[in-house]
Amino acid sequence: MEKPSLPKGTRDFGPAMMAKRQFIFNNIRTVFQKFGFLPLETPAMENLSTLTGKYGEEGDQLLFKILNSGDFLKDVEDIKLQTKNSKSITFDISEKGLRYDLTVPFARYVVMNRHEISFPFKRYQIQPVWRADRPQKGRYREFYQCDADVVGTNSLLCEAEIILMIKEVFKGLNIQDYAIKINHRGILSGIAEVIGGKGNETALFVAIDKLDKVGEDKVREELQAKGFTAESLNLLFNILNVKGSIVNKMAFLATKFETSTEGQRGLRDLKEVFNILEDYNASQDNVEFDVSLARGLSYYTGCIFEVKINNVSIGSVSGGGRYDNLTQTFGDKENLSGVGFSFGVDRIYDAMEELGLFPKEAQVSSKVLVCHFDEESMRYGLGILKALRDVGISSEIYPDQVKIKKQLDYANKKMIPYTIVIGSDEVKSGLLPLKDMERGEQAKISLEEIIQKIK
RNA sequence: GUGAAUGUAGUUCAGUUGGUUAGAAUGCCAGAUUGUGAUUCUGGAGGUCGCGGGUUCGAGUCCCGUCUUUCACCCCA
């Protein structure tokens with residue numbers, strides 16, 4: 001018998017991990033709902049044609065494809081099989097794939113259900129996605145995304161609210177040291193225009209996105225190899241090296257973008273987002289205008305976001321942006337604009353674990369364990385148990401007659417913070433010893449007092 | 001997808017130039033303790049050394065393959 005194992009990059013989540021994961025999920029879900037987003041779920045698999053072409057050439061390669069059922073080779077031409085070019089027969093043998101993100105399935109959903117959706121449409125979606133990437137720390141082949149998107153409005157209020165939601169989620173998770181980076185595709189296009197890199201945008205954006213990671217010299221090297229002149233690179237870094245406050249950076253860029261309508265559009269949008277934030281009385285703490293932020297997903301057209309938790313070895317934990325033409329790729333005639341972002345739960349988990357940020361309360365299952373010395377006291381304990389549960393206190397009783405030591409050990413293992421040990425004295429008097437397992441203190445009090453104390 | 005490193009009790013790790021029966025800490029189980037847990041003491045269980053092949057009188061140790069995890073590239077939550 002072969003030892004069982006899991007596919008590369010996938011994991012089981014035991015009860016201890018699930019308690020912490022759910023702490024994150026609940027936090028995010030609560031914030032999404034508070035901002036008026038409605039839940040949506042879509043199938044794990046989509047038609048391959050829905051998925052391909054949305055994530056760039058590299059993205060298509062990372063799609064998990066599902067082999068057709070039945071005799072999937074039946075209709076493949078012999079010539080194609082003989083050439084052994086697997087790419088050429090992909091669409092002959094596979095017509096379905098696992099979803100790569102939640103944004104594209106959402107766009108598909110919107111186009112299919114236009115008649116019953118009223119715009120602006122705000123939905124959130126918390127589901128796993130799959131990528132055939134090579135796993136590393138913080139990179140999994142199956143991971144959960146928590147998306148919130150608004151479609152059907154150009155209002156930059158949505159961008160501002162995204163920032164507010166990120167702040168609120170991180171506050172709830174007690175993550176303090178982080179940066180919400182924001183930029184705009186218009187600004188990137190403007191830079192490309194100004195330095196004479198038009199037509200070569202993809203290479204340019206991919207390279208400058210790495211700036212904070214690999215440094216200026218490497219980016220210069222890479223772009224030089226791609227055919228950028230020294231002169232245009234000097235212009236580029238003159239722009240990218242802007243320092244100072246958000247206002248200063250924008251003023252500087254305005255002088256560079258006098259001839260670029262795209263660049264001006266980017267600046268206008270960003271300025272408006274910051275103005276709206278001010279009207280919300282939201283501080284600009286943790287918000288950074290990062291001119292070198294690019295992001296790979298090719299469908300973004302306006303503002304783009306990325307969130308990084310500082311001092312951890314995990315990449316970005318959240319990202320998003322505005323996309324104007326996504327529904328058009330599904331045949332929609334109208335130009336519906338959408339904007340959204342996504343939290344990566346698995347990475348937030350890794351970061352929080354690394355920083356030791358999970359509160360103990362998040363790992364508590366039952367709040368009380370009722371312990372007992374004999375059958376009579378156990379039966380008496382059942383009434384206590386019911387009374388606790390009736391007022392909403394999660395509690396359990398040790399189901400076997402075993403030594404008190406074992407029962408208390410069980411409580412410790414499950415991180416149950418309180419125990420009530422019942423014996424013949426308690427059955428007689430009705431006074432119960434509530435024990436605080438962390439402090440080791442206990443006091444005999446009435447059931448009513450217990451409920452009041454720990455509810 | 002390209003290149004590299006890693007794998008030894010449940011967990012974290014020792015293990016010499018290849019040499020008898022592979023160790024420690026911690027955790028687990030039982031007892032010291034017949035109304036109270038994480039301290040202390042005593043005893044016990046637990047490993048086909050990731051898996052498969054090879055070299056050798058002999059392999060945890062060397063070689064090849066494979067899988068896992070990790071790192072860089074690519075890309076990204």
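Only a predicted model underlies this, so the values are computations on that prediction, with no experimental measurement involved. Just so we're on the same page: letters track the sequence lines, and every chain starts at 1.
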- Where the side chain of A/Y100 is concerned, which of B/U36, B/U70, B/C75 is the nearest nucleotide? B/C75
- Message: At less than 4.0 Å, is any side-chain N or O atom of A/Q136 found next to OP1 or OP2 of B/A72? Yes or no.
- Response: yes
- Task: Please lay out, stage by stage, how A/F305 and A/F341 fare under the test ring-ring contact (aromatic ring centres under 6.0 Å, His included).
- Result: CA-CA 8 Å; A/F305 306 96; A/F341 76 114; 7.3 Å; no
- Test A/F25 against A/Y144 for ring-ring contact (aromatic ring centres under 6.0 Å, His included), laying out the working first. CA-CA 10 Å; A/F25 282 126; A/Y144 274 73; 5.4 Å; yes
So which protein nitrogen or oxygen atoms get under 3.5 Å of nucleotides 2-5 of chain B's nitrogens or oxygens?
from	atom 1	to	atom 2	distance (Å)
B/U2	O4	A/R134	NE	3.2
B/U2	O4	A/R134	NH1	3.2
B/G3	O6	A/R134	NH1	3.1

- Please check if atom CD in A/Q452 has more than 12 non-hydrogen atoms from other residues, nucleotides or ligands closer than 6.0 Å. no
- What integer number of Å spans the P atoms of B/G15 and B/G1? 35 Å
- Would you kindly compare A/S318 and A/G9 by the position of their nearest RNA chain B nucleotide and give the one closer to the 5′ end? A/G9
- Please determine, by modelled atom types, if A/S292 and A/D212 share a side-chain donor-acceptor pair under 3.5 angstrom. no
- Out of B/C76, B/U36, B/G1, which has the shortest distance to the side chain of A/V421? B/U36
- Item | Euclidean distance for P, B/U20 against B/U61 (whole angstrom) | 14 Å
- Between A/S342 and A/N412, whichever has its closest RNA chain B nucleotide further toward 5' is A/N412
- Message: Any side-chain N or O of A/K413 below 4.0 angstrom from OP1/OP2 of B/G27?
- Response: no
- Reckon A/K8 has a side-chain N or O less than 4.0 Å from the OP1 or OP2 of B/U68? yes
- Query: Using atom C1' of each nucleotide, how far apart are B/C62 and B/A30 to the nearest Å?
  - Reply: 44 Å
- Message: With rounding to the closest Å, how many angstrom separate the C1' atoms on B/G23 and B/U8?
- Response: 10 Å
- Across the strands shown, which category fits A/T419 at heavy-atom distances under 4.0 angstrom: base, sugar-phosphate, nothing? nothing
- Message: If I pick the C1' atom on B/G10 and the same atom on B/C76, what distance separates them, to the nearest angstrom?
- Response: 34 Å
- Message: Given a 3.5 Å cut-off on both pairing distances, which stems involving RNA chain B, each at least three consecutive Watson-Crick or G-U pairs, are present, if any?
- Response: B:1-5 with B:69-73, B:10-13 with B:23-26, B:28-32 with B:40-44, B:50-54 with B:62-66
- Query: Which nucleotide in the list B/U70, B/C75, B/A38 gets nearest to the side chain of A/K213?
  - Reply: B/C75
- Message: Under 4.0 Å, counting only non-hydrogen atoms across every strand here, what does A/Q407 touch: a base, just sugar-phosphate, or nothing?
- Response: nothing
- Task: Answer yes or no as to whether B/G35 has its base stacked against A/F373, where stacking requires a ring-centre separation under 5.5 angstrom and planes under 30 degrees apart.
- Result: no
- Option from A/L233, A/L223, A/L236, A/T229 for which side chain to side chain contact (heavy atoms under 4.5 Å, CB included) with A/I195 holds: A/L236
- Query: Within the structure, does a side-chain N or O atom of A/K210 lie under 4.0 Å from either OP1 or OP2 of B/C74?
  - Reply: yes
- Query: If we take the P atom in both B/C57 and B/C51, what is their distance in whole Å?
  - Reply: 25 Å
- Query: Can you tell me how far P in B/G60 sits from the matching atom in B/G54, rounded to whole Å?
  - Reply: 15 Å
- Message: Can you tell me which nucleotide in B/C74, B/G37, B/G35 comes closest to the side chain of A/K435?
- Response: B/G37
- Return the nearest nucleotide to the side chain of A/K403; candidates are B/C75, B/G31, B/U36. B/G31
- Looking only at atom C1', what distance separates B/G52 and B/G44, rounded to whole Å? 35 Å
